[in-house]
Amino acid sequence: MSISKLEQKTAPENGNLHAGLTQRQISMMGLGGAIGAGLFVGSGQAIAIAGPAVLISYLLAGTVVIIIMAMLAEMVAADPSSGAFSTFAHKAMGRSAGSTVGWLYWIQLIVVVAAEATGAAAIVASWFPGIAQWIWVLIFVVALTGANLLGVGNYGKFEFWFAFIKVAAIIAFLAFGVMVLTGIIPTDHPVGFANFAAHGGFAPAGMTGIAAALLIVIFSFGGTEVVSIAAAESDDPQRNIKRTVSQVMLRILFFYLGSIIVIVAVLPWNAPEIVDGPFSAVLGVMNVPGVELIMSAIVVIALLSAMNANIYGSSRMLFSLGKRKLAPKQVTHVTGQGVPANAVLSSVAFSFLAVGLNWIWPDAVMPMLLNVVGSTIIVIWSFIAVTQFILRRRAERNGETLPMKLWGFPYLSIATIAAMAAIVAIAMTDATARTQLLLTGGLTAVLWIVSKLFLRDGVEARR
């Protein structure tokens with residue numbers, strides 16, 4: 001019996017999650033999950049490091065995330081579960097692996113939710129200086145917690161419109177960019193593809209710059225994995241995850257590459273304003289009125305969208321851990337609307353504590369917490385790649401028919417595992433990334449040890 005089926009069997013009457021998400025919402029969540037502050041703000045840092053060659057960094061990272069998502073799709077189509085990659089790691093490598101990756105993901109999300117609430121509140125507080133920042137944090141946390149408590153359908157509606165606004169902003173940005181490059185919109189200085197070879201050439205920092213930018217870019221794609229969790233609460237998990245991976249991931253790569261091409265073509269890659277806000281800088285060249293307010297509003301929407309998705313993802317992961325006896329059974333309580341209410345409330349409770357600590361020690365607490373979870377996406381993606389390899393080999397050995405298969409197996413799976421190892425090796429050469437990776441590695445080791453010591457009676461996967 002699979003773990004996800006066992007979750008359903010052991011659930012109390014009327015205690016299962018509801019299938020309230022549509023295929024359209026799943027697809028838009030996949031698009032919106034990777035289009036966030038990492039693109040609107042973080043891309044400027046990557047451009048400043050690698051120059052125009054940052055396109056190579058985005059192409060490499062995008063290829064990896066597409067393969068990782070295809071791996072997840074293969075496993076989700078075979079056995080949808082609210083625990084997603086934690087459930088699959090449990091099946092492939094045992095209870096400790098499932099517990100470790102599940103708790104690691106949950107800890108990452110609750111820290112990031114607090115950071116996103118703080119970031120969005122800081123921007124909005126600058127618009128309304130008469131209202132304290134902590135009030136905005138409270139408003140955002142209460143509103144999005146309420147949206148998640150009212151049912152998965154409400155979460156899906158919120159996330160759909162959040163993602164729609166972000167996607168519309170990207171499309172509008174690309175359209176304006178094309179009009180600038182073709183001369184339809186005049187600018188005060190020459191623009192064009194000459195910027196790709198000027199100011200030190202296409203790769204002014206060489207392979208070192210491309211590798212350093214890759215570390216920043218990797219984290220920009222974090223958030224796409226939430227669709228593997230959400231698929232379990234959709235009307236047709238197999239069909240929805242297939243369509244999401246086949247259609248959405250290439251569109252995300254197009255949005256990222258298209259945006260970077262426009263930015264570098266319109267402005268010199270080493271322009272100081274690119275680091276502060278690449279999209280704002282380009283729109284400023286186009287003389288778009290109110291550009292700072294527009295981009296600030298989009299960043300707030302991006303942060304709230306990610307916050308909404310992370311509250312959802314963390315609560316479903318905690319619920320799944322509880323169902324597998326890897327977390328307190330209280331988090332498995334499900335309301336009549338099919339919502340794991342205790343899991344939702346447990347996941348957002350940390351936001352209030354973290355914001356309070358951030359108010360007391362603003363320069364210490366939140367940066368330290370973000371450093372600890374800074375490399376979790378690398379660890380989680382590595383778990384996913386290894387898990388898929390094990391489960392696929394097991395399925396083929398047992399003669400099982402999978403509804404969806406990753407192409408090029410086993411060679412592509414092995415290459416992806418090697419790529420994740422290479423990313424870790426690259427990260428160890430950068431001081432900041434090395435610190436994050438070591439802290440995340442330490443947290444992972446602690447979670448593994450705790451699972452070995454205290455989770456001896458958990459549900460074991462059938463091999």
Side-chain angles (χ1 to χ4, degrees), residues 1-12 15-21 26 29-30 33 68-106 109 152 155-156 224-242 244-245 309 312-327 329 331-332 334 338-340 343-344 347 380-381 383-388 390-392 394-395 400 402-404 406 451 455 458-463:
M1 180 185 296
S2 69
I3 294 176
S4 56
K5 298 297 189 299
L6 191 147
E7 288 176 359
Q8 295 174 7
K9 185 176 180 180
T10 58
N16 291 327
L17 303 179
H18 289 184
L21 295 174
I26 293 284
M29 286 162 57
I68 292 293
M69 289 304 297
M71 288 177 163
L72 274 174
E74 177 184 285
M75 296 184 285
V76 170
D79 190 14
S81 166
S82 60
F85 40 85
S86 171
T87 301
F88 306 143
H90 191 153
K91 290 171 60 180
M93 295 176 279
R95 181 186 63 251
S96 293
S99 173
T100 299
V101 71
W103 280 110
L104 183 67
Y105 185 69
W106 185 79
L109 292 192
V152 69
Y155 158 74
T224 53
E225 64 280 344
V226 74
V227 299
S228 67
I229 296 174
E233 289 184 82
S234 65
D235 48 3
D236 188 347
Q238 290 185 1
R239 177 172 173 269
N240 291 337
I241 198 68
K242 287 180 182 179
T244 297
V245 171
Y312 171 82
S314 60
S315 65
R316 268 46 177 191
M317 183 59 71
L318 188 58
F319 169 82
S320 175
L321 289 168
K323 282 296 183 183
R324 288 176 280 145
K325 299 183 182 179
L326 303 177
K329 65 178 181 180
V331 300
T332 63
V334 176
V339 177
V344 172
S347 298
I380 290 168
W381 285 4
F383 264 103
I384 291 171
V386 173
T387 296
Q388 184 271 340
I390 294 173
L391 292 182
R392 177 70 174 272
R394 186 181 298 168
E400 299 176 16
L402 298 176
M404 181 177 181
L406 175 73
S451 70
L455 300 177
V459 178
E460 191 65 62
R462 177 171 290 184
R463 299 292 175 96

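Side chains included, hydrogens not; waters and symmetry mates left out as well; all remaining heavy atoms used.
- Using a 4.5 Å heavy-atom cutoff, the side chains of Val227 and Met69 are in contact.
- The shortest heavy-atom contact between Gly98 and Ser86 is O-OG, 2.7 Å.
- In this structure, NE2 in His90 is found 11.5 Å from OG1 in Thr387, a value given to the nearest 0.5 Å.
- Atom CG of Leu391 is separated from atom CG of Asp79 by 9.5 Å, given to the nearest 0.5 angstrom.
- Scanning both residues, Met404 and Ala77, for their nearest heavy atoms gives CB-CB, 4.0 Å.
- Here Ile390 contributes atom CD1 and Gln388 contributes atom CD; the two are 10.0 Å apart, rounded to the nearest 0.5 Å.
- With hydrogens and angles left out, the side-chain atoms of Ser451 and Ser96 include a donor and acceptor closer than 3.5 Å.
- Pairing each heavy atom of Leu326 with each of Arg95, the nearest pair is CD2-CG, 3.4 Å.
- Residues Leu72 and Ile384 are in side-chain contact: their nearest non-hydrogen atoms beyond the backbone lie under 4.5 Å apart.
- Interatomic distance, OH of Tyr105 versus CE of Met317, reported as 6.0 Å (0.5 Å rounding).
- Distance check: Thr87 OG1 to Lys323 NZ gives 12.5 Å after rounding to the nearest 0.5 Å.
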Going through the checks in order, is the side chain to side chain contact (heavy atoms under 4.5 Å, CB included) test met by Leu318 and Trp106?
CA-CA 7 Å; Leu318 188 58; Trp106 185 79; 3.8 Å; yes

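- Residue Leu109 comes nearest to Ser314 through the heavy atom pair CD1-N, 3.3 Å, listed as atom of the first residue, atom of the second, then distance.
- Side-chain atoms of Met75 and Phe85, non-hydrogen and from C-beta on, never get closer than 4.5 Å to each other.
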Check the pair Phe383 / Phe88 against ring pair (Phe, Tyr, Trp, His ring centres under 6.0 Å), numbers first and verdict last.
CA-CA 9 Å; Phe383 264 103; Phe88 306 143; over 10 Å; no

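- Distance check, rounded to the nearest 0.5 Å: OG of Ser315 to CD1 of Ile229 gives 8.5 Å.
- With hydrogens and angles left out, the side-chain atoms of Ser320 and Arg324 include a donor and acceptor closer than 3.5 Å.
- Nearest heavy atom pair, residue Gly322 against residue Thr332, reads C-CG2, 3.3 Å.
- Here the closest non-hydrogen pair linking Val344 and Val339 is CG2-CG1, 4.1 Å.
- Taking the side chain as every heavy atom from C-beta outward, Met93 and Val386 approach each other to under 4.5 Å.
- Contact check on Arg316 versus Glu233 returns a salt bridge, with a Lys/Arg side-chain nitrogen under 4.0 Å from an Asp/Glu carboxylate oxygen.
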